[in-house]
Protein chains: 2
Amino acid sequence: MSQSTGGTRERIQAVALELFTEQGYEKTSLREIAERLNVTKAALYYHFKSKDEIVSSFVEDRLRRMDELIEWARSQPATLATRRILISRYADAMFATQQPSVMRFFEQNQTALKSLSAGLQMRDRMMSLANELCRGDESPAAQLRAALTLFAVHSSWFAVRAPDITDDERRRIALEVADELLAKIASEPTVDHPARGPLTRTGEQPGADGQPRSDAA
Amino acid sequence: MSQSTGGTRERIQAVALELFTEQGYEKTSLREIAERLNVTKAALYYHFKSKDEIVSSFVEDRLRRMDELIEWARSQPATLATRRILISRYADAMFATQQPSVMRFFEQNQTALKSLSAGLQMRDRMMSLANELCRGDESPAAQLRAALTLFAVHSSWFAVRAPDITDDERRRIALEVADELLAKIASEPTVDHPARGPLTRTGEQPGADGQPRSDAA
DNA sequence: GTCTATACGCAGATAGAC
DNA sequence: GTCTATCTGCGTATAGAC
């Protein structure tokens, strides 16, 4: 919040993010980060209390965005239109500024993030987002489609191997595939076109969300 | 191959696989594995030359299966039918025996596997498999769909949260979603139904496979 | 086949000078 | 705000006894 230094804190974040993503959080030592910046390990400890606080520092921003998104989705009806806007906004957030780097960091460090509080929080948000994407259709297939929708946005960054493709094209293709998946999720709890069938409705649990959210949106 | 010991080698593999998956490869120490088995670290080194050789030992089997699968796919025409059988056989392999554990290990240790030879080999095979799933349709959207098809099989294990679902149901749902994705991939290089449009064909690279494979299939 | 003992290095983290 | 110096502990791996 209050950095009066010449951006050293930001430089540490940038280098750490890069190394954590390339070789993994566990495998990257503070010594390595310090060497890249031509400073000592002790200098790092002036800016951050610990190694995992470096992670938290660049995750905060993303957490905030996701919270806003989830809150918005909960205030909307569970229709295809809502879901399309939801995934579209999610893609916007992921493709904006330097978020792609943070996105890749998360993909590449899923396991390490299990022991980091920032990681657990992000996991929680991703689950909520997936839940919102299939709210109203509790079938297993819908859950899978919802998850794949998020994967579509994420993997558009590495799964598409084209030499001169722009970020905008990646985004558009991701949303094209995502929309197809979303279209197969039932829009209303009472389905009126039994062509797809309800599959195995194992048992409705009413409030799988977690918090009851009593505060205003 | 030739274990005359009372299965100690297998017990090490099992415990290592479990811990590597739960807490990550880097974070799991040989001391921890040894303690779980009530042996010493030195005992581990009798059975395996190094830590990463433990990984290789339980990856070998999976590599062989995937090689067979890829080889088969290459000998077949690039049609929807081929792709459906391919993903179905892949699912069979993934759901068979204790392969789900190995599958989860890979998902959870993507980054660590970049510095392990076994990991690099698996990455290579996954890429080849994805390539086969969209051979004949080099559009970015097809590449994304092919990758998501594989994700569908993988994520059916954790994305579907249902209390009493069987492995067979998971497999069926994964293939249901996978088939939808595959249906949108063009079956022939010369598309004759322009309803979907050619998207942004950025530039055809004839042999994006890597090896020219001159040997017989 | 498994043990004890140990080598050697690097990890994260702190104290206190400048 | 950055440094030098240092602490403490654990990491992988090896030697050699039983």
Side-chain angles (χ1 to χ4, degrees), chain A residues 1-59 105 109 111-119, chain B residues 1-59 105 109 111-119:
Chain A
M1 287 293 181
S2 62
Q3 84 285 15
S4 51
T5 166
T8 309
R9 189 186 152 94
E10 285 70 20
R11 287 173 64 228
I12 296 172
Q13 288 177 320
V15 169
L17 178 55
E18 187 187 332
L19 291 177
F20 288 165
T21 303
E22 270 173 25
Q23 20 178 274
Y25 174 79
E26 309 280 359
K27 235 198 167 183
T28 304
S29 68
L30 295 178
R31 177 189 56 77
E32 205 171 355
I33 297 171
E35 271 176 9
R36 274 251 201 151
L37 292 164
N38 289 314
V39 295
T40 61
K41 281 195 291 176
L44 266 47
Y45 277 96
Y46 171 78
H47 293 280
F48 299 96
K49 277 207 303 287
S50 65
K51 189 181 180 184
D52 67 72
E53 220 211 50
I54 302 179
V55 175
S56 317
S57 76
F58 58 65
V59 163
F105 164 78
N109 288 281
T111 316
L113 285 167
K114 283 207 261 186
S115 10
L116 265 43
S117 69
Chain B
M1 288 293 182
S2 62
Q3 84 285 17
S4 51
T5 164
T8 308
R9 190 184 152 93
E10 285 71 20
R11 287 174 63 228
I12 294 173
Q13 288 177 319
V15 168
L17 178 56
E18 187 187 332
L19 291 177
F20 288 165
T21 304
E22 271 173 24
Q23 19 178 274
Y25 174 78
E26 310 280 0
K27 237 199 164 184
T28 303
S29 67
L30 295 178
R31 177 189 56 76
E32 206 172 352
I33 298 171
E35 271 176 9
R36 273 251 201 150
L37 292 164
N38 290 315
V39 295
T40 61
K41 284 193 286 177
L44 265 48
Y45 277 96
Y46 171 79
H47 293 281
F48 299 96
K49 274 208 304 288
S50 66
K51 190 182 178 182
D52 67 73
E53 219 211 52
I54 302 180
V55 174
S56 317
S57 76
F58 59 65
V59 163
F105 164 79
N109 289 282
T111 316
L113 285 166
K114 283 208 261 188
S115 10
L116 265 42
S117 68

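Within the structure, every side-chain polar atom (N or O) of B:Tyr46 is placed at least 4.0 Å from both OP1 and OP2 of C:dT2. The side chain of B:Thr40 places no N or O atom within less than 4.0 Å of a non-bridging phosphate oxygen (OP1 or OP2) of C:dT2. Using a 4.0 Å cut-off, no side-chain N or O of B:Thr8 falls inside it from OP1 or OP2 of C:dG1.
Rounded to whole Å, atom C1' of D:dC10 lies 15 Å from atom CD1 of B:Ile33. Here the C1' atom of nucleotide D:dC3 and the CG atom of A:Leu37 are 15 Å apart, to the nearest Å. Rounded to a whole Å, the CZ atom of B:Arg11 is 14 Å from the P atom of C:dG1. Here D:dT2 presents its C1' atom at 16 Å from CD of A:Glu35, a figure rounded to the nearest Å.
Within the structure, the salt bridge (charged side-chain N to carboxylate O under 4.0 Å, His left out) test picks out the following pairs touching residues 14-30 of chain A (sequence neighbours left out): A:Glu18-A:Arg36. Within the structure, salt bridge (charged side-chain N to carboxylate O under 4.0 Å, His left out) contacts touching residues 38-52 of chain B (residues at least two apart or in different chains) are B:Lys49-B:Glu53.
Residues passing the side-chain contact (heavy atoms from CB on, under 4.5 Å) test with B:Ser117, sequence neighbours excluded: B:Gln121. Qualifying ring pair (Phe, Tyr, Trp, His ring centres under 6.0 Å) partners for B:Phe48, counting only residues two or more places apart in sequence or in other chains: none. Checked against salt bridge (Lys or Arg N to Asp or Glu O under 4.0 Å), B:Glu32 has no partners two or more places apart in sequence or in another chain.
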Can you give me the N/O atom pairs linking the protein to nucleotides 11-18 of chain C at distances under 3.5 Å, or say none if there are none?
unit_1, atom_1, unit_2, atom_2, d
C:dA11, OP1, A:Ser29, OG, 3.0
C:dA11, OP1, A:Arg31, NH2, 3.1
C:dA11, OP2, A:Arg31, NE, 2.8
C:dG12, OP1, A:Lys51, NZ, 2.9
C:dG12, OP2, A:Leu30, N, 2.8
C:dG12, N7, A:Lys41, NZ, 3.0
C:dG12, O6, A:Lys41, NZ, 3.3
C:dA13, OP2, A:Tyr45, OH, 2.6
C:dA13, OP2, A:Lys51, N, 3.2
C:dA13, O5', A:Tyr45, OH, 3.1
C:dA13, N6, A:Lys41, NZ, 3.2

